[in-house]
Amino acid sequence: MRRIPIDEIQKHSSVYDGWIVLNGKVYNITPYLAYHPGGQKILKPGLGKDGTALFHKFHPWGNEEGVIGKLLLGYVDTTRPKRIT
């Protein structure tokens, strides 16, 4: 599976091209945004970033694999010393 650098993830921060990191995995959630029960505005702050804390805040029991597993692009490349902000 592909390793994706943080600076590439940060480039995908709009509702028209939105990636999110959940538990170290990178998902292109662009196609899912229109179907999210809470709407796009809930997910927008996590686009291009690590949304793990946001996800667990609203879905502490949840597993992203069942809902967006098919949107998996790869894993965060942790070999670089940068952080997702």
To the nearest 0.5 Å, tell me how far K57 NZ sits from T52 OG1.
-> 14.5 Å

Derivation and outcome, side-chain contact (heavy atoms from CB on, under 4.5 Å), residues W19 and E8 = CA-CA 10 Å; W19 293 9; E8 182 178 349; 3.5 Å; yes

Intermediate values then yes/no, side-chain contact (heavy atoms from CB on, under 4.5 Å), E64 and N23 = CA-CA 9 Å; E64 71 275 4; N23 300 311; 3.2 Å; yes

Taking I9 as the fixed residue, which of V76, I20, D77, L73 is the one that meets the side chain to side chain contact (heavy atoms under 4.5 Å, CB included) rule?
-> V76

Check the hydrophobic clustering (I, L, V, M, F, W, Y; side-chain heavy atoms under 4.5 Å; chains of links allowed) and say if L43 and V67 are grouped together.
-> yes

Heavy-atom closest pair (L33 atom, V15 atom, distance to 0.1 Å) is CD1-O, 3.4 Å

Mind checking whether F55 and H59 have parallel, tilted or perpendicular rings, split at 30° and 60°?
-> tilted

hydrophobic_cluster_shared for V26 and L71, side chain cutoff 4.5 Å | no

Considering all heavy atoms of both residues, which atom of N28 and which atom of P31 are nearest to each other, and what is their separation?
-> O-CD, 3.6 Å

Are Y27 and M1 connected, step by step, through hydrophobic side chains (Ile, Leu, Val, Met, Phe, Trp, Tyr) whose heavy atoms are closer than 4.5 Å?
-> yes

Quick one: do L72 and I68 end up in the same hydrophobic cluster if we chain Ile, Leu, Val, Met, Phe, Trp and Tyr together by side-chain heavy atoms under 4.5 Å apart?
-> yes

Counting only N and O atoms by type, is there a donor-acceptor contact under 3.5 Å from the side chain of S13 to the main-chain atoms of L47?
-> no

Of the non-hydrogen atoms in Y32 and P37, which two are nearest, and what is the gap between them?
-> OH-CD, 3.8 Å

Does I29 belong to the same Ile/Leu/Val/Met/Phe/Trp/Tyr cluster as F58, with side-chain heavy atoms less than 4.5 Å apart forming each link?
-> no

How long is the gap from CD1 on I42 to CG on L54, to the nearest 0.5 Å?
-> 7.5 Å

Residues 35-47 vs salt bridge (Lys or Arg N to Asp or Glu O under 4.0 Å), sequence neighbours excluded, gives none

Sort and list the pairs that fulfil salt bridge (Lys or Arg N to Asp or Glu O under 4.0 Å) and have at least one residue in residues 13-38, not counting sequence neighbours.
-> K25-E65

Residues forming a side chain to side chain donor-acceptor pair (under 3.5 Å) with H36, sequence neighbours excluded = none

